[in-house]
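Worksheet: one structure, shown below.
All chains are named by letter (A, B, ...) in the order of the sequence lines, taking the proteins before the strands, and each is independently numbered beginning at 1.
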Protein chains: 2
Amino acid sequence: MLTENVPQISRLPASTIGIRLPAAATPRIETRREPLAGLVRSFSKDEELFAEGDEAECFCEVKSGTVRTYKLLSDGRRLIDAFHFAGDIFGIEFGAEHRFSAEAVADVTVVAYRRSRLATVAETDPAFGDRVMAATLRSLERAQSHMLLLGRKTAQEKMATFLLDMADRLSDDDQHFELPMQRADIADHLGLTIETVSRTLTRFARKGLIDLPASSRSVALRNKPALRRLEA
Amino acid sequence: MLTENVPQISRLPASTIGIRLPAAATPRIETRREPLAGLVRSFSKDEELFAEGDEAECFCEVKSGTVRTYKLLSDGRRLIDAFHFAGDIFGIEFGAEHRFSAEAVADVTVVAYRRSRLATVAETDPAFGDRVMAATLRSLERAQSHMLLLGRKTAQEKMATFLLDMADRLSDDDQHFELPMQRADIADHLGLTIETVSRTLTRFARKGLIDLPASSRSVALRNKPALRRLEA
DNA sequence: CGCCGCCTTGACATTGTTCAATAAAGGTGG
DNA sequence: CCACCTTTATTGAACAATGTCAAGGCGGCG
């Protein structure tokens with residue numbers, strides 16, 4: 001059942017699995033097959049994996065790097081609904097089209113799975129099916145608490161929530177971590193401007209809540225209880 | 001299969017099907033059985049159907065009236081994620097607990113279905129199963145575009161979006177409708193204050209975009225194209 | 001070394017909030 | 001049915017938070 005479909009997939013041009021390369025990008029054809037007939041693809045910083053409105057023929061799992069998914073208003077204002085790190089699954093759709101655009105925050109490697117084969121794969125490997133389902137539900141849950149953040153939290157509360165979440169997801173010791181995204185991405189995730197993000201971080205640092213060692217991308221949480229209280 | 005379970009349900013005290021009556025409320029026992037073993041329940045204005053964190057033993061379909069689902073911050077700030085009108089299904093959970101509280105915006109009648117029987121019911125009546133699935137996906141979709149609204153739209157854009165959505169869902173002629181909720185609910189849905197909601201409506205009326213006949217709850221859209229442009 | 005992208009910081013503008021007063025609507029009991 | 005009272009909505013003015021604009025710094029890369 002699995003075997004009869006695999007060759008079919010590797011024959012498909014990239015465009016038909018719903019991942020399109022931007023015209024300008026060098027098409028690095030280092031694709032190879034994954035156990036579950038996923039296609040391994042690499043993208044460099046700011047490359048587009050797919051766009052809102054594209055036919056949703058595939059969904060992805062992050063192998064390494066970070067992906068942002070976002071929506072735009074007509075005048076270019078952007079809201080990043082989520083960042084996706086290694087192990088995260090994103091781009092699952094039940095309708096025909098992707099409802100978000102996806103870009104590489106920095107160089108990224110993903111495994112792309114054909115959506116049409118989800119049912120088959122899930123049967124073959126129930127654990128994988130569960131992971132897909134869990135990913136969908138987690139994204140619903142995240143969307144719901146993110147609404148609360150966007151609609152009712154102050155800049156400080158937003159940043160505190162964000163930092164604690166990042167520590168959770170990116171840090172080994174739950175304290176030190178390197179932010180993979182730039183200020184503009186954080187701002188568009190939290191519904192703020194980059195200036196407010198920057199100022200709020202500086203303020204946290206001055207209050208001794210965090211350390212901002214030189215590099216501006218690395219953060220160390222110095223006082224998590226205080227951050228939790230700030231979270232509201 | 002269906003018949004052997006029905007009596008069991010009607011024997012269950014209200015509390016065990018996940019809908020709890022507030023202590024103060026007069027317990028109107030006008031419950032009766034629906035075709036699919038749903039329990040018809042009525043609630044009066046501001047009564048709680050269930051609270052965030054309650055065990056999610058049932059989900060509901062609105063028969064008549066309006067329900068709001070919301071989350072709170074520790075200090076009482078509220079975000080209403082959605083309003084639910086006749087025909088809408090809400091309160092479906094995949095985890096153990098409700099992730100939102102639900103209250104009657106005005107007197108409301110719902111049909112409560114036991115979550116544990118969802119699979120059975122869906123098999124018996126596939127169309128119903130589809131409706132439940134569709135409701136879940138629609139709520140995901142709504143959450144996602146609502147994040148964009150909350151994070152990146154101005155007060156005017158939020159109100160324009162809201163009014164167009166309400167016209168869509170509440171109006172026969174797609175123009176005139178009666179808002180079932182008060183300004184505070186609108187404010188907490190859009191991430192604004194009631195003053196801003198009120199001022200924005202007045203401003204729209206002055207610009208000739210809408211009519212606000214006496215009652216303050218009724219609205220008539222006078223210039224939908226302009227509202228659409230404002231929506232961003 | 002010098003350009004360029006990203007980040008920070010400051011001064012100022014704006015949007016939306018807060019506080020306060022008033023008005024209007026709706027519900028209740030006489 | 002009316003008068004009263006409570007709740008809800010509107011409006012104004014002052015204020016605060018955040019956004020905008022602009023300048024400068026820092027770091028990485030060619």
Side-chain angles (χ1 to χ4, degrees), chain A residues 44-46 66 68 73 75-79 105-107 149-160 162 178-207 210-219 230 232, chain B residues 44-46 66 68 73 75-79 103 105-107 149-160 162-163 178-207 210-219 230 232:
Chain A
S44 48
K45 186 162 155 29
D46 295 328
T66 303
R68 61 178 169 249
L73 290 177
D75 64 355
R77 276 172 289 171
R78 181 178 68 158
L79 189 99
V105 167
D107 293 5
L149 176 147
L150 292 169
R152 284 295 181 228
K153 290 192 184 180
T154 64
Q156 283 199 60
E157 292 165 348
K158 288 174 176 181
M159 273 306 307
F162 176 75
E178 197 82 5
L179 291 170
M181 72 293 283
Q182 53 182 59
R183 300 293 188 258
D185 290 327
I186 300 175
D188 285 349
H189 182 52
L190 301 179
L192 299 169
T193 58
I194 59 175
E195 292 93 336
T196 301
V197 168
S198 179
R199 277 190 254 266
T200 308
L201 284 173
T202 309
R203 200 165 154 196
F204 281 0
R206 270 202 284 263
K207 289 206 263 179
I210 61 174
D211 274 352
L212 291 174
S215 72
S216 99
R217 288 287 182 92
S218 65
V219 181
L230 254 187
Chain B
S44 48
K45 186 160 153 32
D46 295 329
T66 304
R68 62 176 169 250
L73 290 178
D75 64 356
R77 276 171 289 171
R78 180 179 68 159
L79 188 100
E103 288 175 355
V105 167
D107 293 5
L149 176 147
L150 293 169
R152 283 296 181 227
K153 291 192 183 181
T154 64
Q156 282 200 60
E157 292 165 347
K158 287 175 177 182
M159 273 306 307
F162 177 74
L163 290 174
E178 196 81 6
L179 290 170
M181 72 293 283
Q182 51 183 56
R183 300 292 188 258
D185 290 327
I186 301 176
D188 285 348
H189 182 52
L190 301 179
L192 299 170
T193 59
I194 60 175
E195 291 92 336
T196 302
V197 168
S198 180
R199 277 189 254 268
T200 308
L201 284 173
T202 310
R203 200 166 154 197
F204 281 0
R206 270 201 283 266
K207 289 206 263 179
I210 62 174
D211 273 352
L212 292 174
S215 73
S216 100
R217 289 287 182 93
S218 65
V219 181
L230 255 186

| Does A:Thr196 have any side-chain hydrogen bond (donor to acceptor under 3.5 Å, both in side chains) partners at least two apart in sequence or in another chain, and if so, which? | A:Thr193
| message | How long is the straight-line distance from CG of A:Leu192 back to OG of A:Ser198, given to the nearest 0.5 Å? | response | 12.0 Å
| said: Run the side-chain hydrogen bond (donor to acceptor under 3.5 Å, both in side chains) test against B:Thr202 and tell me which residues pass, sequence neighbours left out. | reply: none
| What residues, two or more places apart in sequence or in another chain, satisfy salt bridge (charged side-chain N to carboxylate O under 4.0 Å, His left out) together with A:Asp107? | none
| Any donor-acceptor pair under 3.5 Å linking the side chain of A:Arg77 with the backbone of B:Arg152? | yes
| query | Rounded to whole angstrom units, what separation is found between the CZ atom of B:Phe204 and the C1' atom of D:dT10? | reply | 16 Å
| Residue list, side-chain hydrogen bond (donor to acceptor under 3.5 Å, both in side chains) with A:Thr66, at least two apart or on another chain | none
| task | Using a cut-off of strictly less than 4.0 Å between a heavy atom of the residue and any atom of DNA chain D, enumerate the qualifying residues of residues 185-199 of chain B by number. | result | B:Glu195, B:Ser198, B:Arg199
| request: May I ask you to say what A:Ser215 touches in the nucleic acid, namely base, sugar-phosphate or nothing, with a heavy-atom cut-off under 4.0 Å? | output: nothing
Nucleotides 26-30 of chain D: which of its N/O atoms have a protein N/O under 3.5 Å away?
none

| Closest non-hydrogen atom pair, B:Pro213 against B:Ser218 | CD-O, 3.4 Å
| query | Of the non-hydrogen atoms in A:Asp185 and A:Arg78, which two are nearest, and what is the gap between them? | reply | OD1-NH2, 3.0 Å
| said: Rounded to whole Å, how long is the line connecting atom CG of B:Leu212 with atom P of D:dA9? | reply: 12 Å
| field | Residues forming a side-chain contact (heavy atoms from CB on, under 4.5 Å) with B:Arg199, sequence neighbours excluded | value | B:Glu195
| message | Just to be sure I understand the rule, does A:Arg217 reach a base, reach only the sugar-phosphate, or reach nothing, if contact means heavy atoms closer than 4.0 Å? | response | sugar-phosphate
| Partner residues of B:Gln156 under the side-chain hydrogen bond (donor to acceptor under 3.5 Å, both in side chains) criterion, sequence neighbours left out | B:Lys207
| End-to-end bend of the helix from C:dC1-D:dG30 to C:dG30-D:dC1 (five-pair axes, 10° rounding)? | 40°
| note | At a 4.0 Å cut-off to heavy atoms of chain A, the contacted part of DNA chain C spans C:dC6 to C:dA11
| request: Applying side-chain contact (heavy atoms from CB on, under 4.5 Å), name anything that partners B:Leu201, two or more places apart in sequence or on another chain. | output: B:Met159, B:Leu163, B:Arg183, B:Val197, B:Ile210, B:Leu212
| task | Supply the atom-to-atom distance B:Leu79 CG to B:His189 NE2, rounded to the nearest 0.5 angstrom. | result | 8.0 Å
| Any Lys/Arg nitrogen of A:Arg217 or A:Glu178 sitting under 4.0 Å from an Asp/Glu carboxylate oxygen of the other? | no
| Which residue lies more 5' along DNA chain C, comparing A:Arg152 with A:Leu201 via nearest heavy atoms | A:Leu201
